[in-house]
There are 2 protein chains.
Amino acid sequence: MGVPQRKESATTASRVFDAMRHDLVNGRFAAGEKVAINGLKEQYQVGLSPLREALNRLAAYGLLVQENQRGFRVPRLDRHELDDVAGMRRELEGMALERAILKGDAEWESELLAAAHRLKRADLSPTQVDEWERLHARFHSTLVAPCGSVWLLRFIDQLHDQFDRYRRMAPGVPAVRKILDEQHGQLVELALERDVKAARALLEDHIDRSYEVALGSCK
Amino acid sequence: MGVPQRKESATTASRVFDAMRHDLVNGRFAAGEKVAINGLKEQYQVGLSPLREALNRLAAYGLLVQENQRGFRVPRLDRHELDDVAGMRRELEGMALERAILKGDAEWESELLAAAHRLKRADLSPTQVDEWERLHARFHSTLVAPCGSVWLLRFIDQLHDQFDRYRRMAPGVPAVRKILDEQHGQLVELALERDVKAARALLEDHIDRSYEVALGSCK
DNA sequence: CTAGACAAAATAATCGATTTTTTAACAACA
DNA sequence: TGTTGTTAAAAAATCGATTATTTTGTCTAG
């Protein structure tokens, strides 16, 4: 018996939401751009109603800005906004990591090792970027998953999407990328050793370095 | 010249969103209830499209749960959920208050005194509850307003709405209410004295006591 | 030239009707 | 008795068209 596949029953609006969320985070829309609803209708091959519902969700989620009677626009890239997002990531992911290390069980350790391994093996060649990004997001979400707070995880996801929009718009910095990749492995080590303080410090450093890279999108 | 009144240009969907958000937070919908879209159409006297857009936003915001192909429902009141929300309020509002006290200027002091005074003067008689709730929310938002992080304030608002839904469903506890009201005044004093630690401790105690009251909705 | 008024065009928001999917009721069968 | 299959009713999602609002472009008065 194959798995019934719950995703089959996704609604058009949900699919558009997912697709646009992905495209927004990955910089497929110019920052500050006004969203041309009729253009999107063709781009995603959907009707107006589900499209507008998706746009409404994205606005409530913070990936679009809604201006009454004048539609939606892609948020600008703003230095202060990025500072805010990065700072909140430090606080919230740091908090979540501490809790995760205290609560995470053996199953978590396995999943964490697996996620880190998959990420390490994935190459970052231009054709595979999307897959790498998926694994990267997955790694970070696995890292904090057992923190015990649904709301904390929700906020972290939201901030991640915000942050990644900046990072994906910024030019890559290979030297920093190398350090960041090594830190992923070190984070796993410290997590398995249950070294709360060191792990949190490293995660904050990790975010700070990513922030430096992401800054490149604001100039 | 009168103020141009930006709110005139609110869209139908926005008005429904505001109204339903208010009604959800104030317990006008039974927890766990399935949302009857056709009923709401009449209740709010609007068409289907703006109504659905509002529902989508509310779901993204967390005041409704969306299940693909089977509409929307009001989230259940769940003890663990309340624990999570209250715990996150402690963390985030505590953090925000510390920052606000460090950053808040003289103008903030004035507004805080004003907000506290208005709240104190408002009576809590059944006919005036909505007004009291408005002033109460306003006080707490003023308290942390100058924390410097838009995202932190956004998350706090969201958690407040979640929390208040529980509190408003719970039976009142006059004795605790009295203490909570006194704490508002004490919070202002500590904030003006710039006593970061004591203020944070008091705010956390304030949230804990509110939590005890809110628990009454889960039994 | 520039500011203002106006009409035309473009875009956003909403409506009413249709299609799709789920739910509920009931019957046939093991 | 309980399970499965069928179908009618209800509800959700979507479509196509209409209405309302904003934007753009043109013209005129100063």
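Numbered from 1 within each chain, the chains take letters A, B, ... in sequence-line order.
- Taking atom CG of residue Asn68(B) and atom C1' of nucleotide dT21(C), one finds them 12 Å apart after rounding to whole Å.
- When the P atom of dA12(D) is taken as reference, atom CZ of Arg73(B) falls 10 Å away, rounded to whole Å.
- Here dT14(D) presents its C1' atom at 15 Å from CG of Leu55(B), a figure rounded to the nearest Å.
- The residue from Asn56(A), Asp157(A), Asp161(A) that alone fulfils the side-chain hydrogen bond (donor to acceptor under 3.5 Å, both in side chains) condition with Tyr61(A) is Asp161(A).
- Side chain of Arg89(B) to backbone of Asp208(B): no donor-acceptor contact under 3.5 angstrom is found.
- Using a distance-only test at 3.5 Å, with no hydrogens or angles considered, no donor-acceptor pair links the side chain of Ser14(A) to the main chain of Ala10(A).
- Proximity of a side-chain donor or acceptor of Tyr211(A) to a complementary backbone N or O of Phe163(A) within less than 3.5 Å is not detected.
- One atom, CG of Asn38(A), and another, P of dG16(D), lie 13 Å apart when rounded to the nearest Å.
- Here dT14(D) presents its C1' atom at 11 Å from CZ of Arg15(A), a figure rounded to the nearest Å.
- The 5' end of DNA chain D is approached more closely, in terms of each residue's nearest nucleotide, by Val35(B) than by the other of Val35(B) and Val46(A).
- When the side-chain nitrogen and oxygen atoms of Lys34(B) are compared with OP1 and OP2 of dT23(C), none of them lie within a distance under 4.0 Å.
- Distance, Ile37(A) CD1 to dA20(D) P: 18 Å, rounded to whole Å.
- Using cut-offs of 30° and 60° on the angle between ring planes, the pair His184(A) and His140(A) is perpendicular.
- For Gln69(B), the side-chain atoms get nearest to dT22(C) when compared with the rest of dT22(C), dT21(D), dT14(C).
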Under 3.5 Å, which donor-acceptor pairs link side chains of residues 27-42 of chain A to any protein atom two or more places apart or in another chain?
| unit_1 | atom_1 | unit_2 | atom_2 | d |
| --- | --- | --- | --- | --- |
| Arg28(A) | NH1 | Asp23(A) | OD1 | 3.3 |
| Arg28(A) | NH2 | Asp130(A) | OD2 | 3.4 |
| Glu33(A) | OE1 | Ala30(A) | N | 2.8 |

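- Trp151(B) and Glu81(A) form a side-chain donor-acceptor contact under 3.5 Å, judged by distance and modelled atom types alone.
- Annotation: proximity of residues 56-65 of chain B to DNA chain D (heavy atom, distance under 4.0 Å) is found for no residue.
- Side-chain nitrogen and oxygen atoms of Thr11(A) include at least one within less than 4.0 Å of the OP1 or OP2 phosphate oxygen of dT14(D).
- Looking at Gln158(A), its side chain never comes within 3.5 Å of a backbone N or O of Gly62(A) through a donor-acceptor pair.
- For the pair Gln66(B) CD and dT22(C) P, the computed distance is 14 Å after rounding to whole Å.
- Using a 4.0 Å cut-off on heavy atoms, the residues of residues 47-54 of chain A that approach DNA chain C are Leu48(A), Arg52(A), listed by number.
- The main-chain N or O of Arg167(A) is never found under 3.5 Å from a side-chain atom of Asp164(A) such that the two would form a donor-acceptor pair.
- Residue contacts for Lys41(B): at a heavy-atom cut-off of 4.0 Å it reaches no nucleic acid atom on any strand shown.
- Using modelled atom types, no side-chain atom of Asp84(A) and backbone atom of His80(A) make a donor-acceptor pair closer than 3.5 Å.
- As judged by a 4.0 angstrom heavy-atom cut-off over every strand, Ala36(A) is placed among residues making no nucleic acid contact.
- Protein atom CD of Glu67(A) is 9 Å distant from nucleotide atom P of dT23(D), rounded to whole Å.
- Heavy atoms of Val16(B) sit nowhere under 4.0 angstrom from any nucleic acid atom.
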